Amino acid sequence: MAKIIKDHEVIEVRFPVSDSYIISLRSPVEIPAVLPGNFAEIQIENSSDVFLRRPFSILDVDYENRIISFLIKIIGKGTKKLGEIRRGDKVSLIYPLGNSFSLPEPGKRVLIVGGGSGIAPFVQLGRILKVNSNDVTFLIGGKSKKDILLTALFSEFGEVLSTTEDGSMGEKGFVTDHSVFKSENLPFDRIYSCGPDAMMKAVGRISKQNEIDCEVSLENMMACGFGACLCCITETVEGNKRVCKEGPVFNINYLKWEI
Amino acid sequence: MAKIIKDHEVIEVRFPVSDSYIISLRSPVEIPAVLPGNFAEIQIENSSDVFLRRPFSILDVDYENRIISFLIKIIGKGTKKLGEIRRGDKVSLIYPLGNSFSLPEPGKRVLIVGGGSGIAPFVQLGRILKVNSNDVTFLIGGKSKKDILLTALFSEFGEVLSTTEDGSMGEKGFVTDHSVFKSENLPFDRIYSCGPDAMMKAVGRISKQNEIDCEVSLENMMACGFGACLCCITETVEGNKRVCKEGPVFNINYLKWEI
Amino acid sequence: MGDLRINISGLEFKNPVTTASGTFGNGEEFDDFFDLNLLGGMFVKGMTLEPREGNDYPRMAETASGMLNAVGLQNKGVDHFIDNIYPRIKHLDTHIIPNINGSTVEDYIEVAEKLNEIDSIPALELNISCPNVKAGGMLFGTSCPSAIAVTKAVREVYNKMLIVKLSPNVTDITEIAKGVEGAGADSVSLINTLLGIAVDAEKRKSVLSTVTGGLSGPAIKPVALRMVWQVYNAVKIPIFGIGGIMNATDAIEFMLAGASAIQVGTANFIDPQVSVKIINGIEDYLERHHFNSANELIGAMEG
Amino acid sequence: MGDLRINISGLEFKNPVTTASGTFGNGEEFDDFFDLNLLGGMFVKGMTLEPREGNDYPRMAETASGMLNAVGLQNKGVDHFIDNIYPRIKHLDTHIIPNINGSTVEDYIEVAEKLNEIDSIPALELNISCPNVKAGGMLFGTSCPSAIAVTKAVREVYNKMLIVKLSPNVTDITEIAKGVEGAGADSVSLINTLLGIAVDAEKRKSVLSTVTGGLSGPAIKPVALRMVWQVYNAVKIPIFGIGGIMNATDAIEFMLAGASAIQVGTANFIDPQVSVKIINGIEDYLERHHFNSANELIGAMEG
Ligand SMILES: Cc1cc2nc3c(=O)[nH]c(=O)nc-3n(C[C@H](O)[C@H](O)[C@H](O)COP(=O)(O)OP(=O)(O)OC[C@H]3O[C@@H](n4cnc5c(N)ncnc54)[C@H](O)[C@@H]3O)c2cc1C
Ligand SMILES: Cc1cc2nc3c(=O)[nH]c(=O)nc-3n(C[C@H](O)[C@H](O)[C@H](O)COP(=O)(O)OP(=O)(O)OC[C@H]3O[C@@H](n4cnc5c(N)ncnc54)[C@H](O)[C@@H]3O)c2cc1C
Ligand SMILES: Cc1cc2nc3c(=O)[nH]c(=O)nc-3n(C[C@H](O)[C@H](O)[C@H](O)COP(=O)(O)O)c2cc1C
Ligand SMILES: Cc1cc2nc3c(=O)[nH]c(=O)nc-3n(C[C@H](O)[C@H](O)[C@H](O)COP(=O)(O)O)c2cc1C
Ligand code: FES
Ligand code: FES
């Protein structure tokens with residue numbers, strides 16, 4: 001897969017809510033093909049305490065205008081700093097990195113469960129699944145209403161459900177408490193999940209119990225993001241694998257998860 | 001002397017020439033009394049390779065509007081970074097630091113020799129000398145015309161002469177080649193100098209030969225700027241002294257200069 | 001509100017935040033910036049028996065997240081400290097702890113004897129780890145027998161709290177820590193600076209007049225934390241943690257790794273008020289995490 | 001145009017820029033970013049006799065101007081390298097140098113013997129300095145007798161260029177360097193990582209699963225330069241300089257301090273094209289300073 005490392009120009013930084021932003025950048029060259037689940041390593045310069053690049057899922061790509069975008073939640077030094085960047089500034093990006101979600105057969109029913117910034121890869125996935133004639137349900141979880149982002153976009157590709165811990169939107173509780181999981185035979189052939197570890201494990205457990213194929217996209221502390229350092233491993237049935245290279249997307253049966 | 005350490009707001013960054021800029025900042029509190037020769041330690045944040053503060057002479061102070069300004073020449077990482085700062089950004093400053101030029105008796109004739117960004121302390125000095133009824137001559141040296149800055153300001157306080165190495169302004173050569181030094185009896189009671197070491201030493205030599213009192217403001221690598229680290233010493237007749245505390249202004253007879 | 005007091009070998013510190021020798025002058029330079037009485041303690045600039053001029057200029061080089069210094073113990077001698085400096089600062093309501101150095105064991109003894117006379121000085125920091133002097137200094141701190149010898153000798157003449165400051169430029173710091181504990185040290189402080197150099201590529205010269213200097217600042221924090229943790233697991237005496245502490249989080253990391261108190265060094269140059277911010281930050285942390293006392297942080301790191 | 005070729009113990013490198021073991025995979029990951037044939041050489045990820053899974057996650061912590069790693073020699077064993085990896089990269093027109101590790105001297109010997117068979121592998125790097133494995137590893141490199149023993153043993157079975165990689169976690173690196181020189185090393189490479197830890201103050205836990213890890217990046221450059229300079233003044237064999245090299249200026253600093261060639265480590269993670277930039281930067285420097293050959297830089301630093 002062709003990768004690029006290039007300075008990109010910041011086109012826009014938009015804050016739909018106070019702790020998350022969508023950043024759009026223009027590539028100086030043609031953007032190589034990006035698959036759903038691929039991520040980029042972004043260099044956050046001029047920050048005395050951010051030394052390494054940071055990995056972020058690619059939210060969307062506009063190939064024609066050479067624009068790539070990310071949905072980023074502020075959780076620490078680097079994500080804060082990047083949110084302060086201004087239009088016209090340059091940012092170095094390496095992408096596309098990692099593997100991608102595998103596609104089900106056309107017509108299959110798909111559930112996508114996302115939490116927090118873990119929903120980022122699902123815009124591209126949703127679009128492709130729609131083209132692939134899959135019946136898609138999105139289930140988005142958060143603490144409260146303001147954490148449930150991108151629903152308008154997702155609704156272009158399928159039904160959108162949600163849960164919030166405070167009940168301010170959708171059903172009250174965690175995603176796994178949602179009534180969609182209450183039926184005896186879950187009406188899905190495939191589940192995808194990305195978000196906090198605990199959420200993915202809970203979703204994984206349900207998938208296993210219901211014998212539904214399930215893929216998750218793992219988060220991880222990465223030093224390089226392209227397979228060189230062996231810092232980002234996860235235990236699999238075939239031993240330690242690099243999350244940035246063999247992942248970030250894994251079938252839960254391949255992972256050594258105690259669920 | 002009361003010192004402040006405060007975040008100041010950037011009001012303006014102006015580039016009279018491409019490699020030097022004047023930066024003006026507003027203090028959140030009243031600006032304490034600043035004497036000619038005093039400097040500030042500026043923190044250049046968000047730069048991964050500028051760890052320590054940087055010392056800069058205080059160019060001018062507008063007490064009423066609480067504005068302090070600096071003339072800064074880009075010579076490395078920190079000065080480059082600071083020049084990229086934008087209106088509204090915050091910068092931490094510690095000042096006033098160091099000692100100051102001593103004033104001659106009213107009426108005495110004064111020569112001020114400056115080179116490069118070494119002219120910064122002379123705006124405040126010139127103003128005070130004028131108030132003190134001194135007859136002031138400024139001699140400003142540079143590589144070429146574009147290095148001769150602030151002459152309009154200086155001319156409010158006295159005569160302005162200059163030299164350039166390429167002859168594009170004033171007399172051709174180094175400051176010490178200027179015809180003002182050619183007369184048998186130099187018509188000055190006091191000489192002040194600030195600029196490159198070699199220039200100050202050459203000026204010091206002439207002063208010594210002519211038995212004219214001479215004060216110079218030394219540059220130095222500083223870690224703290226306020227006397228705590230003992231990194232910034234210069235050899236004097238009384239042993240090693242801190243340039244940031246006992247200086248930066250020294251009488252040349254006090255320095256152990258071989259001139 | 002959490003209790004910030006820390007008791008170190010019988011001496012109570014009002015909080016665990018002290019300032020590191022050589023980075024805080026005699027305190028006076030910081031008077032402009034905050035109330036020194038807020039400090040847990042103050043380690044003053046290293047002193048020797050006789051006055052010293054220190055090393056030639058340049059003595060400083062900036063490095064990535066740190067700096068090298070080659071000050072070399074410039075000071076006016078212990079007598080000058082006792083007669084001129086101490087009287088000016090002794091009114092402060094914080095522990096003033098001299099940092100002493102020598103070229104020979106006899107030097108150390110003589111300085112310690114003089115300071116022992118001064119009732120209101122509660123402790124001494126024995127610097128056997130200065131990398132910036134030709135004779136003595138670090139040599140004492142990088143060999144176990146000599147570290148033990150100088151500690152023993154000073155212990156005999158000094159009967160208040162004796163803190164030995166260790167060098168990080170060793171293969172096994174626990175060996176030295178155990179040695180000086182056995183020789184009578186009441187506490188150890190670590191780390192002093194790592195030996196390093198800076199090269200000016202354009203001039204093809206070393207930046208420092210002495211070629212080598214001492215590396216300090218955040219760059220060395222991981223090494224300092226490691227050594228504090230190793231020493232905490234090797235000795236029983238309390239530890240002053242030092243190395244790259246820039247904020248309260250750093251200070252807490254050192255305490256979690258095993259330090260009973262900390263020293264703020266290079267950070268003072270960048271923010272002369274940093275120590276107060278650290279004190280306040282520790283207080284916040286105790287509250288946020290529901291601790292009653294800063295003592296509960298000491299060594300509380302899980303492996 | 002300056003001549004970039006460097007001859008190290010009889011082996012010619014097309015330029016002094018190589019990549020450090022463990023930071024460049026097997027090179028393949030970098031194929032996407034530049035033409036590997038431009039490199040002076042490539043030190044591949046540390047290998048052992050048997051496959052190893054390495055340490056548990058988390059293995060990485062970011063620090064000020066650096067990072068800690070606790071990868072712990074995860075690799076599929078020397079046979080896998082010889083049978084599967086090497087055939088895929090051996091077409092490259094650059095020196096491919098394996099980095100070998102063991103828990104016992106016998107392990108080292110066996111790995112070296114296997115690699116000795118492969119004609120097109122011109123050299124071996126003997127890692128006696130890995131801080132991230134429980135047995136062996138750094139222990140060999142922090143004691144002089146054991147460093148000598150393992151070097152001697154490998155020297156007997158390996159008849160091409162033998163590079164010994166030294167640990168910085170020692171009191172006197174020159175002693176070890178002289179020891180391995182005497183034991184038959186053709187060259188030394190230094191430094192490996194400094195032992196450090198990172199603490200998560202909020203969770204009150206060490207960040208790495210192993211508690212301690214190896215510190216790399218610009219933070220360690222001053223220490224690395226110092227050690228290269230010390231070793232340069234102590235031994236006659238050529239040196240590979242390593243530690244925090246991020247750009248051509250850093251690389252030149254190492255050569256001025258005494259390195260004949262350099263290895264780029266952590267910088268590869270931030271800019272996978274950095275090695276090419278360094279090669280070009282050295283070329284520029286030679287031109288700007290009117291040198292005919294990169295050889296003229298070696299040890300050219302004035303004190
Ligand atoms: C493949 C992949 C895709 C990702 N996609 C996105 C995305 O689309 N949008 C988004 O907002 N975030 C995404 N992340 C997470 C993102 O990389 C981190 O939030 C970011 O690196 C944090 O940087 P920081 O400097 O703000 O945090 P720091 O200040 O470095 O750390 C703050 C805290 O977060 C923890 N932390 C930091 N990075 C990670 C990490 N990668 N995994 C787990 N814990 C971490 C730290 O241990 C620390 O406690 C992704 C991560 C991976 C591996
Ligand atoms: C009391 C005082 C007043 C000053 N006033 C002014 C002023 O009004 N305007 C102005 O433009 N500059 C002034 N300077 C110089 C200014 O401090 C330096 O130019 C600045 O620190 C360079 O920072 P940098 O990060 O750009 O350079 P770096 O990238 O840190 O260094 C670039 C090169 O410059 C050398 N260098 C850096 N700082 C100094 C220094 N302080 N002395 C000598 N060599 C140095 C370095 O060794 C290196 O070779 C003053 C210095 C002092 C001590
Ligand atoms: C400029 C400077 C001077 C120092 N002088 C001394 C000294 O006289 N005695 C001493 O024991 N340590 C001295 N040190 C070491 C510090 O006390 C401290 O151990 C070291 O800087 C590490 O802490 P830091 O990273 O917080 O600065 C000095 C450090 C610096 C930077
Ligand atoms: C993730 C990582 C893995 C490493 N693995 C090895 C290894 O297998 N063998 C080895 O000799 N050194 C290993 N090292 C050390 C590097 O080769 C190098 O000596 C060290 O990182 C210092 O250089 P740097 O600061 O340029 O990274 C590793 C370093 C890192 C960061
Ligand atoms: S982050 Fe380096 S191998 Fe995955
Ligand atoms: S710069 Fe610290 S004493 Fe002058």
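Just so we're clear, the structure is a prediction, and the values are computed from it rather than from any experiment. Order of the sequence lines sets the chain letters (A, B, ...), proteins ahead of strands, with each chain counted from 1.
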Under a 4.5 Å heavy-atom cut-off, does chain C meet the side chain of D/V223, its backbone, both or neither? both
At a heavy-atom separation under 4.5 Å, does D/L225 approach chain C through its side chain, its backbone, both, or neither? both
Between D/Q230 and chain C, with a heavy-atom cut-off of 4.5 Å, which part of the residue counts as in contact: side chain, backbone, both or neither? side chain
Side chain, backbone, both or neither: which part of D/T249 has a non-hydrogen atom closer than 4.5 Å to chain C? both
For the pair D/E296 and C/R204, find out whether any cationic side-chain nitrogen is under 4.0 Å from an anionic carboxylate oxygen. no
Who wins among D/E202, D/M246, D/K203, D/M227 for the most heavy-atom pairs under 4.5 Å with chain C? D/E202
At a heavy-atom separation under 4.5 Å, does D/F254 approach chain C through its side chain, its backbone, both, or neither? neither
So OG1 of C/T266 and CD1 of C/I220: to nearest 0.5 Å the spacing works out to 7.0 Å
Keeping D/N55 on the side-chain end and D/A70 on the backbone end, is there a donor-acceptor pair under 3.5 Å? yes
Parallel, tilted or perpendicular: which one describes the rings of D/F240 and D/F13, with boundaries at 30° and 60°? perpendicular
Please round to the nearest 0.5 Å and tell me the distance separating atom CG of D/L215 and atom NZ of C/K221. 11.0 Å
Leading residue by heavy atom contact count with chain C [cutoff under 4.5 Å; candidates D/L68, D/V211, D/T63]: D/V211
Just how far is it from atom CG of C/N169 to atom CG of C/L195, taken to the nearest 0.5 Å? 5.0 Å
